[in-house]
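Presented below is the structure to which this report refers.
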Amino acid sequence: MTTKDPRAAGLAALAGLIADETRATCLLALLDGRAWTAGELARHAGVAASTLSEHLGKLVAGGLLAEERQGRHRYVRLAGARAAQLVEDLAAQVAPGAAHRPRTLREASAGSATARGRTCYDHLAGRLGITVTDALTTRGLLRQDTGFALTDAGLTWFGTVGIGLDRTGRRPLARACLDWTERRPHLAGAAGAALCRHALDAGWCVRIGSERAVKVTATGERAFSDLLGIEAGALR
């Protein structure tokens with residue numbers, strides 16, 4: 001007699017939540033780490049508000065999204081880092097040839113900016129994220145040979161730069177996140193989130209457009225050069 005794994009039903013239900021193009025579109029949009037209104041997501045997904053509301057209800061009930069209400073507005077965001085990791089990891093499995101092809105110059109420009117540098121929930125991704133991750137590794141601040149881990153020198157570096165690390169939670173300090181455009185891992189986890197937050201707060205990077213794209217400022221170019229030896233051309 002075969003004993004069914006008790007997790008099977010839950011896994012099937014979770015897969016079913018994501019196996020809808022409208023819901024998948026919402027989950028990918030929310031990887032920017034910000035809260036969106038239901039109306040904003042409806043316009044982004046190209047569906048009616050009533051249709052989108054039904055989809056959001058399923059994602060909230062399934063634990064992938066969290067919601068809050070302010071007056072007449074309903075805001076939703078990814079439920080947390082684990083939900084973001086799940087979405088990003090699944091997106092990274094999509095074959096390059098299956099990616100959406102831009103239909104306009106504006107769409108192509110937005111896609112290029114996203115590939116160049118973006119946030120992946122709460123850490124840096126795209127070529128920018130890979131470049132920073134490689135620089136940390138080259139300088140002995142991060143190890144990738146036995147999984148991602150900050151070295152003692154890396155911990156000291158974060159402290160010297162003034163980037164506080166939360167080491168009290170359950171979230172791993174450093175984690176590899178497979179970059180869906182570069183097909184290589186970039187730094188995630190508490191350290192990746194702290195570095196991204198510092199880069200935005202210090203003006204090293206700024207958000208551009210309405211998607212997840214970010215670009216490095218002149219201040220950021222100097223900081224990344226001084227602190228990690230990254231040439232400005234690699235950040236553009």
Side-chain angles (χ1 to χ4, degrees), residues 28 31-33 81 84-85 87-89 91-94 96 99 102 108-165 171-209 211-236:
L28 288 169
L31 276 175
D32 67 359
Q85 178 183 345
V87 175
E88 186 73 11
D89 286 350
Q93 301 306 313
V94 178
S109 297
S112 177
T114 299
R116 185 165 53 249
R118 65 181 181 277
T119 54
C120 173
Y121 184 53
D122 61 0
H123 54 270
L124 298 173
R127 289 196 297 277
L128 171 60
I130 294 296
T131 298
V132 171
T133 298
D134 286 349
L136 288 168
T137 304
T138 299
R139 297 174 83 86
L141 308 177
L142 175 72
R143 293 189 61 178
Q144 298 190 40
D145 53 346
T146 56
F148 270 39
L150 291 182
T151 64
D152 290 340
L155 293 172
T156 299
W157 182 86
F158 272 84
T160 301
V161 175
I163 303 176
L165 294 175
R171 190 177 189 184
L173 189 58
R175 179 182 68 81
C177 180
L178 182 61
D179 197 291
W180 65 270
T181 52
E182 295 296 310
R183 304 286 156 169
R184 294 178 54 205
H186 56 245
L187 175 64
L195 180 57
C196 178
R197 183 168 56 251
H198 184 83
L200 291 169
D201 291 345
W204 296 357
C205 299
V206 293
R207 296 185 183 276
I208 54 176
E211 303 294 332
R212 292 190 281 155
V214 298
K215 70 175 182 179
V216 179
T217 64
T219 299
E221 289 181 356
R222 290 191 295 270
F224 283 123
S225 175
D226 294 342
L227 297 171
L228 291 173
I230 301 175
E231 296 184 0
L235 300 170
R236 298 172 183 170

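Each residue takes its place number in the sequence, starting with 1. What you are looking at is a predicted structure, and each value in this text was computed from that prediction instead of being measured.
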Problem set entry | Residue pair Arg116, Lys215: steps toward the side chain to side chain contact (heavy atoms under 4.5 Å, CB included) verdict | CA-CA 8 Å; Arg116 185 165 53 249; Lys215 70 175 182 179; 5.8 Å; no
Exercise. What's the verdict on side chain to side chain contact (heavy atoms under 4.5 Å, CB included) for Arg118 and Asp179, showing C-alpha distance, side-chain angles and the deciding distance?
Worked result: CA-CA 11 Å; Arg118 65 181 181 277; Asp179 197 291; 3.0 Å; yes
Problem set entry | Stepwise side chain to side chain contact (heavy atoms under 4.5 Å, CB included) check, Thr114 with Thr181 | CA-CA 9 Å; Thr114 299; Thr181 52; 5.8 Å; no
Exercise. With a 4.5 Å limit on heavy-atom distance, are the side chains of Thr119 and Cys196 in contact?
Worked result: yes
For this session: State, yes or no, whether a side-chain contact exists between Ile230 and Leu235 at a heavy-atom distance under 4.5 Å.
Result: yes
Problem set entry | For Ala84, side-chain contact (heavy atoms from CB on, under 4.5 Å) partners two or more places apart | Leu31, Leu78, Tyr121
Exercise. Just how far is it from atom OG1 of Thr131 to atom CG of Leu228, taken to the nearest 0.5 Å?
Worked result: 10.5 Å
Seminar exercise, completed: Separation between CG (Leu142) and CG (Leu187), nearest 0.5 Å, reads 6.0 Å
With a cut-off of 3.5 Å and sequence neighbours excluded, list every side-chain donor-acceptor pair involving residues 153-165.
| residue | atom | partner | partner atom | Å |
| --- | --- | --- | --- | --- |
| Thr156 | OG1 | Asp152 | O | 3.1 |
| Trp157 | NE1 | Leu227 | O | 3.4 |
| Thr160 | OG1 | Thr156 | O | 2.9 |

Exercise. How far does CG of Leu150 sit from CG of Leu136, to the nearest 0.5 angstrom?
Worked result: 8.0 Å
Exercise. How close do Glu221 and Ala232 get, heavy atom to heavy atom, and via which atoms?
Worked result: OE1-CB, 3.6 Å
Exercise. Applying ring-ring contact (aromatic ring centres under 6.0 Å, His included), which residue pairs with at least one partner in residues 213-236 are found, sequence neighbours left out?
Worked result: Trp204-Phe224
Problem set entry | Interatomic distance, Glu182 atom CD to Thr133 atom OG1 [nearest 0.5 angstrom] | 10.5 Å
Exercise. At their closest point, which heavy atom of Cys205 faces which heavy atom of Val216, and how far apart are they?
Worked result: SG-CG2, 4.1 Å
Problem set entry | Which atom of Gln144 lies closest to which atom of Pro185, heavy atoms considered | OE1-CG, 4.1 Å
Exercise. Residues in side-chain contact (heavy atoms from CB on, under 4.5 Å) with Cys120, at least two apart?
Worked result: Glu88, His123, Ala125, Cys177, His186, Arg212
Exercise. If you look only at pairs with a residue in residues 226-235, which of them pass as a side chain to side chain donor-acceptor pair (under 3.5 Å), with sequence neighbours excluded?
Worked result: none
Exercise. Tell me the salt bridge (charged side-chain N to carboxylate O under 4.0 Å, His left out) pairs involving residues 131-148, sequence neighbours left out?
Worked result: Asp134-Arg184, Arg143-Asp145
